[in-house]
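Below is one structure, written out as structure tokens; comments come after it.
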Number of protein chains: 2
Amino acid sequence: MRRDVFQAIADPTRREIINLIAFQSLNLNAIAENFEMSRPAISQHIKILTECGLVSIKKEGRERFCEVKFQKLKEVSQWIEQYSSFWNNKLDALEIYLSANKTKVEPKK
Amino acid sequence: MRRDVFQAIADPTRREIINLIAFQSLNLNAIAENFEMSRPAISQHIKILTECGLVSIKKEGRERFCEVKFQKLKEVSQWIEQYSSFWNNKLDALEIYLSANKTKVEPKK
DNA sequence: AATTTGCGTAAGTAAATACTTACTTATAAA
DNA sequence: TTTATAAGTAAGTATTTACTTACGCAAATT
């Protein structure tokens with residue numbers, strides 16, 4: 001069972017959870033109120049988010065407050081930023097590079 | 001069946017494919033040679049990547065060259081960058097913000 | 001002390017995912 | 001024109017995913 005950040009943010013519900021608790025730490029029931037699905041379903045999503053390090057839980061009495069560990073998102077943005085030179089107005093340069101490397105290609109009719 | 005960029009990059013094989021064709025367009029067999037799995041498996045991954053717009057295919061005779069559409073990755077980086085202020089040396093500010101919004105919390109013993 | 005609240009977990013399920021092998025089609029080479 | 005190559009597709013399968021309901025337990029309230 002994979003449990004990494006890429007997998008965690010693939011699910012739209014989990015991205016919504018992150019949006020929800022990005023600016024204020026909420027307990028589990030407060031999160032669940034914002035969704036149509038059952039509380040245990042949200043609990044399971046939170047489990048996935050904590051297991052990959054994207055969310056941390058602070059116990060306060062019987063409540064558990066969830067907050068986002070934004071540093072973890074860095075793993076994703078760093079993977080993407082490898083390629084960032086290709087979309088910062090340098091798409092033409094990429095086209096040139098690619099076509100220069102396809103020397104055996106027939107010209108279009 | 002969801003078919004978005006977040007889902008597409010969740011699979012490690014598909015991220016490897018993107019890495020592989022990031023700097024040079026390759027045809028399907030050339031891509032498949034780099035993996036242990038069968039060619040049809042790679043073909044199916046490419047299908048997912050094209051259906052979400054992350055890869056485009058250029059037909060050349062009987063070959064199909066795959067190249068990355070980097071612009072699509074922007075969707076992911078933009079989602080993450082909403083929160084970027086929280087990890088650019090501003091983590092302390094976040095801690096302050098969060099604790100300021102938990103007024104009913106008991107002090108630690 | 002009894003009840004309510006917050007939340008985790010177990011078990012079950014339908015659908016999705018990530019493969020496989022077998023087959024087909026289109027193009028190119030012999 | 002026969003054969004080889006590139007690659008899409010179909011069908012089958014094991015595993016994973018995203019839920020559900022039912023239940024249990026610890027902390028708080030009555």
Side-chain angles (χ1 to χ4, degrees), chain A residues 1-18 20-21 24-52 54-67 102 104-109, chain B residues 1-18 20-21 24-52 54-67 102 104-109:
Chain A
M1 188 194 325
R2 233 173 330 118
R3 197 114 300 175
D4 59 46
V5 189
F6 289 91
Q7 188 63 41
I9 65 168
D11 185 87
T13 301
R14 288 195 289 270
R15 289 201 301 280
E16 273 193 71
I17 290 173
I18 289 169
L20 200 60
I21 61 176
Q24 56 177 345
S25 185
L26 292 177
N27 69 20
L28 206 132
N29 276 340
I31 295 169
E33 278 169 14
N34 291 273
F35 296 88
E36 301 265 294
M37 67 189 69
S38 69
R39 186 196 44 78
I42 298 299
S43 192
Q44 286 158 20
H45 280 305
I46 296 289
K47 194 181 184 189
I48 289 167
L49 289 167
T50 56
E51 280 177 1
C52 80
L54 245 178
V55 161
S56 76
I57 291 179
K58 301 229 166 119
K59 285 182 69 173
E60 282 166 16
R62 64 187 165 186
E63 293 175 84
R64 273 124 209 258
F65 284 89
C66 305
E67 59 185 55
K102 282 186 285 178
K104 290 182 181 176
V105 168
E106 288 183 50
K108 279 180 186 169
K109 293 132 204 170
Chain B
M1 189 194 325
R2 235 173 327 118
R3 198 113 301 174
D4 59 47
V5 189
F6 289 93
Q7 187 63 40
I9 65 169
D11 185 87
T13 301
R14 287 196 288 270
R15 288 201 302 279
E16 273 193 71
I17 290 173
I18 289 169
L20 199 61
I21 61 175
Q24 55 177 345
S25 184
L26 293 176
N27 68 21
L28 206 133
N29 277 340
I31 295 168
E33 277 169 16
N34 292 272
F35 296 88
E36 301 265 294
M37 68 189 67
S38 69
R39 187 196 42 79
I42 298 298
S43 192
Q44 285 158 21
H45 279 305
I46 296 288
K47 195 181 183 189
I48 289 167
L49 289 167
T50 55
E51 280 177 1
C52 81
L54 245 178
V55 161
S56 74
I57 290 178
K58 301 229 167 119
K59 286 182 71 174
E60 281 166 15
R62 63 187 166 186
E63 293 175 86
R64 273 124 209 259
F65 285 89
C66 304
E67 57 184 57
K102 284 186 285 179
K104 290 181 181 177
V105 169
E106 289 182 49
K108 278 179 186 168
K109 292 131 202 169

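Throughout, a chain's letter reflects where its sequence line sits, starting with A, and its residues are numbered from 1. Predicted, not measured: the structure shown is a model, and the values here were computed from it.
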Over how many whole Å does the gap from [X] atom [atom1] to [N] atom [atom2] extend?
X       : N      : atom1 : atom2 : value
A/Glu51 : D/dT16 : CD    : C1'   : 14 Å
A/Lys47 : C/dG8  : NZ    : P     : 10 Å
B/Glu63 : D/dA7  : CD    : P     : 6 Å
A/Leu26 : C/dC7  : CG    : P     : 11 Å
B/Ile31 : D/dA7  : CD1   : P     : 8 Å
B/Lys59 : C/dA28 : NZ    : P     : 10 Å
B/Asp11 : C/dA16 : CG    : C1'   : 13 Å
A/Leu28 : D/dA26 : CG    : C1'   : 15 Å

Distance check, rounded to the nearest 0.5 Å: [X] atom [atom1] versus [Y] atom [atom2]?
X       : Y       : atom1 : atom2 : answer
B/Ser25 : B/Ile31 : OG    : CD1   : 8.0 Å
A/Ile9  : A/Asp4  : CD1   : CG    : 9.5 Å
B/Leu28 : B/Glu33 : CG    : CD    : 10.5 Å

Under 4.0 angstrom between B/Asn29 side-chain N/O and D/dA7 OP1 or OP2: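 Indeed, a polar side-chain atom of B/Asn29 lies that close.
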Side-chain N or O of B/Arg64 closer than 4.0 Å to phosphate OP1/OP2 of C/dA26: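 B/Arg64 to C/dA26 OP1/OP2: no side-chain N or O under 4.0 Å.
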Short question: side chain of [X], backbone of [Y] - any donor-acceptor pair under 3.5 Å?
X       : Y       : result
A/Arg14 : A/Ala8  : yes
A/Arg15 : A/Ala10 : yes
B/Thr50 : B/Ile46 : yes

Assert: residue with more 5' nearest nucleotide on DNA chain D, out of A/Pro12 and A/Arg62, is A/Pro12
With the side chain of B/His45 defined as its heavy atoms from C-beta on, choose the nearest nucleotide among C/dA18, D/dT17, D/dA18.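 The listed nucleotide nearest to B/His45's side chain is C/dA18.
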| said: As a test of reading the structure: which of C/dA18, D/dA7, C/dT17 is closest to the side chain of B/Asn27, going by heavy atoms? | reply: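 Among C/dA18, D/dA7, C/dT17, the one nearest the side chain of B/Asn27 is D/dA7.
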With a 3.5 Å cut-off and just heavy-atom distances, do the side chain of B/Gln44 and the base of C/dT17 make a donor-acceptor pair?
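No pair found.
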So, with a heavy-atom separation below 4.0 Å from DNA chain D, the residues of residues 32-43 of chain A are A/Met37, A/Ser38, A/Pro40, A/Ala41
Assert: residue with more 5' nearest nucleotide on DNA chain C, out of A/Ile57 and A/Gln7, is A/Ile57
Out of the candidates A/Asp11, A/Leu49, A/Asn34, A/Leu26, only one should pair with A/Ile17 under the side-chain contact (heavy atoms from CB on, under 4.5 Å) rule; please name it.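 Of the listed residues A/Asp11, A/Leu49, A/Asn34, A/Leu26, the side-chain contact (heavy atoms from CB on, under 4.5 Å) partner of A/Ile17 is A/Leu49.
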